[in-house]
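First up is the structure itself, then whatever we jot down about it.
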Amino acid sequence: MWVSAIRLVSHRYFRKNSKFIRNTSASALAQINLSCSGSSSDEQFFSAREEVHSEDYLIASDHKQVVEKLNNLRREPKQALLYFSQVKDRGFPHNVETYVAIIKILCAWGWDRKLDALLVEIIQSNEKTLGFDIHELLETLVGRIEVEGGSSSLVRVFDVFIKAYASLGMFYECIDLIFQVGLPDLLPCILSCNFVINRLIECGKVDMALSFFLQLKGLGLIPNVYTYNLVIKGLCRKGCLKEAFHVFQEMRDAGVEPNEFTCITFVQGFFNGMKLSKPEAVLRDIEKALIPNAYCYGALILIYCKMRNLPRAKSLYAEMELVGLNTNCLIESSLVQCLCSMGLASEAVYRFKYFKDSGMLFDKVSYNILMDALCKSGQLEEAVKLFDEMKCRNMVLDLFHYSTLMNGYCLQGKLADALGLFEEMKVRGVKPDMIVYNILAGGYARNGFIDGLPNLLRDMRAQGFKPDSATFNVIIEGLCMGGKVRKARAFFDSVKEDCMDIYSAMVNGYCEAKCTSEAFEFFVKSSKQGIPFKRKSTFKLLSNLCMEGETDKALLLFESLEGSPCIKMCSKVLAALLKAADVKKARLLFAKWIDGGLTADVIMYTIMIHGYCKMDFMMDAYDLFVDMNRRRIVPDVVTYTVLLDGHLKSRLSNACSHSNSARNKEMMMVIQKVEREMKEMDISPDVIFCTALMDKLCKLDDLEDAVNLFTEMRKRGLEPDIVTYTALMAGFLRAKDVNRASTLLNEVRLRGLQLDDIALTVIPRSILRHYGEL
């Protein structure tokens with residue numbers, strides 16, 4: 001792969017392929033940042049031409065005379081460049097020798113910006129205007145290097161030409177220039193090579209960039225950390241993540257230490273090309289290889305957050321703290337965003353406030369994500385506080401912030417506040433878009449302000465926005481969510497559009513209003529008329545039917561669908577049948593789908609195993625687990641949780657034939673076996689697994705192991721939830737250890753967790769009253 005483009009560059013010859021682009025725009029060339037030396041001596045040069053030479057002095061009879069005069073002015077670069085420009089303005093045609101003379105002077109004095117401008121002028125000029133070909137100028141310069149023993153200044157000219165060609169997308173000319181000049185003393189600097197590699201990658205020529213990198217190494221050029229980073233970036237963009245990791249290892253072997261950009265490149269490449277069968281394994285290899293600094297930890301935490309693997313992200317965070325590294329804004333923003341996306345808004349707010357109060361600055365994106373999570377979780381007041389805080393900090397509020405809070409107001413029925421924010425937004429110069437109008441339309445409908453909808457729609461049209469299917473959808477669904485199902489149907493009938501979106505919106509609306517039977521009838525009737533429905537709406541209807549125990553209708557809906565069955569829909573039907581204790585039908589359907597060529601996933605198998613465990617059909621559950629492994633479907637932590645929980649419950653309820661000690665010993669062996677298998681498969685326990693295991697340990701009167709597991713959870717970065725606390729408190733109370741149960745309850749209160757019905761049943765009322773929970 002790496003050498004697939006080598007023949008495109010190494011078998012071309014510079015002299016034979018010097019068809020340069022002559023009429024390139026000056027604006028493109030102006031984007032090149034060619035200055036390397038940082039010299040500012042040429043910045044004092046005049047902006048307007050000074051007529052300092054006499055008329056006789058400016059008379060140039062031949063090129064030899066001009067070269068001689070330029071050589072005489074070599075100690076006066078300002079005068080030399082002025083002379084060169086003025087004789088040209090008077091019609092004198094400079095040739096290769098005169099250009100070489102002025103280039104040497106500019107190089108000697110370090111006038112980089114003037115040299116850049118001169119070379120840009122040469123590249124822009126056509127051969128007819130110049131009177132010579134550019135390769136002649138380059139060959140002459142190379143010849144002078146050989147004669148004069150080399151010059152770092154002339155190498156600078158070489159680099160300028162390389163960057164210019166690369167910036168203009170003239171990659172073949174650029175690479176020909178590098179490899180066909182071929183002098184050991186005239187190799188481009190590594191910065192120029194990095195520039196070329198980056199331009200190739202940005203222009204989508206990744207294979208050429210990789211082959212160029214290999215050829216550079218063949219010439220003896222030593223890559224630096226930025227070179228390796230660019231190559232890794234190119235490989236990641238191609239989805240060649242394993243190859244990128246090999247380059248990373250080569251980089252370490254060469255003694256080049258990766259920097260924060262290396263980590264970020266890996267993160268972006270890995271996440272964008274998430275096509276590996278075992279992404280966790282590759283990430284673990286990266287973890288072992290990277291240097292332990294905050295940037296690398298931050299990069300890995302970011303990718304685990306994007307994968308929604310919060311336990312592993314927290315585990316790395318805890319590891320980072322143990323080695324004495326401080327967190328930063330990137331890491332905390334990643335964790336806050338992950339918590340929000342997983343519906344853990346309260347924990348996200350706590351984390352956000354804690355680090356904000358400690359002086360950490362969060363960006364506008366983090367504020368908006370947190371505001372959105374708060375609005376959707378019903379914590380509107382907290383969202384408003386964040387919005388006001390942004391104003392106090394003089395942060396520039398944009399359309400996203402206003403639309404997020406407007407949506408929050410509409411969800412809470414505070415339409416007047418939403419409209420006030422809408423007016424404030426317009427006063428501040430933030431123009432509303434279609435999304436804002438749709439949010440307000442949905443707010444009007446959801447909160448029963450139907451009379452205001454016509455005015456809003458007129459305002460939309462006045463602002464150049466035409467109400468479309470998305471607008472009609474939010475109105476229909478909003479009316480249904482507000483309990484106005486008949487008015488939603490009337491609005492649906494008034495819309496003169498027979499499109500899939502509108503019909504799907506009506507099904508969604510019925511489902512939101514818990515009118516599942518009406519949704520099913522509407523779906524069947526419309527389907528007979530040939531109206532198609534969105535798959536998402538069909539899945540929503542199927543889910544509602546399954547949740548309400550309407551398994552017959554769910555099966556009819558499922559069987560009416562065209563095309564191959566969807567794994568998610570199959571899983572929903574299976575779960576509904578098993579919930580209704582119809583194991584026989586679930587088993588027949590599962591077998592039918594598998595025999596029909598459906599490739600079941602880990603979720604489907606886990607649902608079936610869970611159903612068997614609930615019915616205490618443990619042998620069937622084990623057989624299915626074996627079949628799952630035989631088909632090379634890798635079980636996940638949920639599978640192991642279900643199987644372990646089912647086995648332990650079964651043994652606890654059927655312990656009449658065994659003594660307690662024998663039973664406990666057998667169950668501990670099962671626990672150890674499951675933990676060993678999970679470790680071998682690199683499956684990390686999650687909070688639910690640990691909670692299920694802790695609950696069984698408590699019921700086995702193995703309280704100390706339960707406490708050790710609770711402590712180990714936290715070390716791994718797993719935050720116990722209210723179910724975990726309840727299981728351990730129940731264990732303490734069963735052992736009559738009221739003090740430790742009270743300590744846990746106090747911790748629950750300090751963390752702001754809400755006691756559920758089970759916790760209120762388990763904990764004695766006297767303890768609850770003491771801690772103000774009653």
Side-chain angles (χ1 to χ4, degrees), residues 274-281 520 523 527 533-647 649-650 670 673-674 677-678 680-683 686 688-689:
M274 195 81 72
K275 297 177 182 177
L276 296 181
S277 58
K278 293 183 179 180
E280 293 276 349
F520 180 74
F523 181 92
S527 296
F533 286 84
K534 285 184 175 180
R535 205 166 184 84
K536 187 175 179 181
S537 301
T538 308
F539 183 69
K540 191 180 187 75
L541 175 56
L542 184 72
S543 298
N544 274 34
L545 290 169
C546 290
M547 282 190 295
E548 294 178 15
E550 298 280 358
T551 52
D552 291 338
K553 288 182 179 179
L555 282 171
L556 281 173
L557 175 63
F558 183 83
E559 289 168 0
S560 72
L561 299 175
E562 296 180 358
S564 302
C566 165
I567 290 284
K568 283 187 177 181
M569 290 185 178
C570 292
S571 300
K572 279 285 181 184
V573 171
L574 282 180
L577 289 169
L578 291 167
K579 184 180 179 181
D582 196 345
V583 179
K584 183 179 179 180
K585 190 174 286 187
R587 180 184 289 166
L588 289 172
L589 268 180
F590 185 76
K592 177 184 174 183
W593 292 333
I594 298 297
D595 294 340
L598 179 71
T599 305
D601 62 2
V602 63
I603 297 174
M604 279 189 70
Y605 269 98
T606 302
I607 288 171
M608 283 299 296
I609 291 170
H610 185 230
Y612 286 143
C613 289
K614 280 181 68 178
M615 300 299 295
D616 202 17
F617 296 166
M618 292 310 300
M619 288 307 299
D620 292 298
Y622 295 142
D623 290 342
L624 205 56
F625 184 76
V626 171
D627 181 63
M628 182 180 179
N629 283 288
R630 184 178 61 81
R631 294 176 184 270
R632 296 184 178 180
I633 298 171
V634 181
D636 60 13
V637 66
V638 181
T639 314
Y640 278 107
T641 304
V642 165
L643 203 56
L644 179 66
D645 186 62
H647 177 86
K649 279 181 179 176
S650 177
V670 171
K673 182 183 177 183
V674 169
E677 276 189 28
M678 290 177 66
E680 288 172 358
M681 299 183 70
D682 201 24
I683 298 174
D686 62 5
I688 298 173
F689 178 89

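For this chain, numbers begin at 1 and follow the sequence in order.
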Please report the interatomic distance [atom1]([X]) to [atom2]([Y]), rounded to the nearest 0.5 Å.
| X | Y | atom1 | atom2 | value |
| --- | --- | --- | --- | --- |
| T639 | I683 | OG1 | CD1 | 7.5 Å |
| F533 | L541 | CZ | CG | 9.0 Å |
| C613 | D620 | SG | CG | 10.0 Å |
| N629 | Y605 | CG | OH | 10.0 Å |
| I609 | M618 | CD1 | CE | 9.5 Å |
| I594 | T599 | CD1 | OG1 | 7.5 Å |

For [X] and [Y], work out which heavy atoms get closest and say how close.
| X | Y | value |
| --- | --- | --- |
| L557 | L545 | CD2-CD1, 3.9 Å |
| A586 | L574 | O-CD2, 3.4 Å |
| V602 | P635 | CG2-CA, 3.9 Å |
| C570 | F558 | SG-CZ, 3.5 Å |
| K572 | S543 | CE-OG, 3.4 Å |
| M608 | R587 | CE-CA, 4.1 Å |

Can you check side chain to side chain contact (heavy atoms under 4.5 Å, CB included) on L588 and K592, steps first, answer last? CA-CA 6 Å; L588 289 172; K592 177 184 174 183; over 6 Å; no
Is there a side-chain contact between [X] and [Y], using heavy atoms and a 4.5 Å cut-off?
| X | Y | result |
| --- | --- | --- |
| M681 | Y640 | yes |
| H610 | L578 | no |
| F520 | N544 | no |
| L624 | F590 | yes |
| L555 | V573 | yes |
| L589 | L577 | yes |
| E677 | V674 | no |

Heavy-atom count check: over 12 atoms from other residues, nucleotides or ligands less than 6.0 Å from I633 CD1?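 Counting neighbours around CD1 of I633, more than 12 heavy atoms of other residues, nucleotides or ligands fall under 6.0 Å, so yes.
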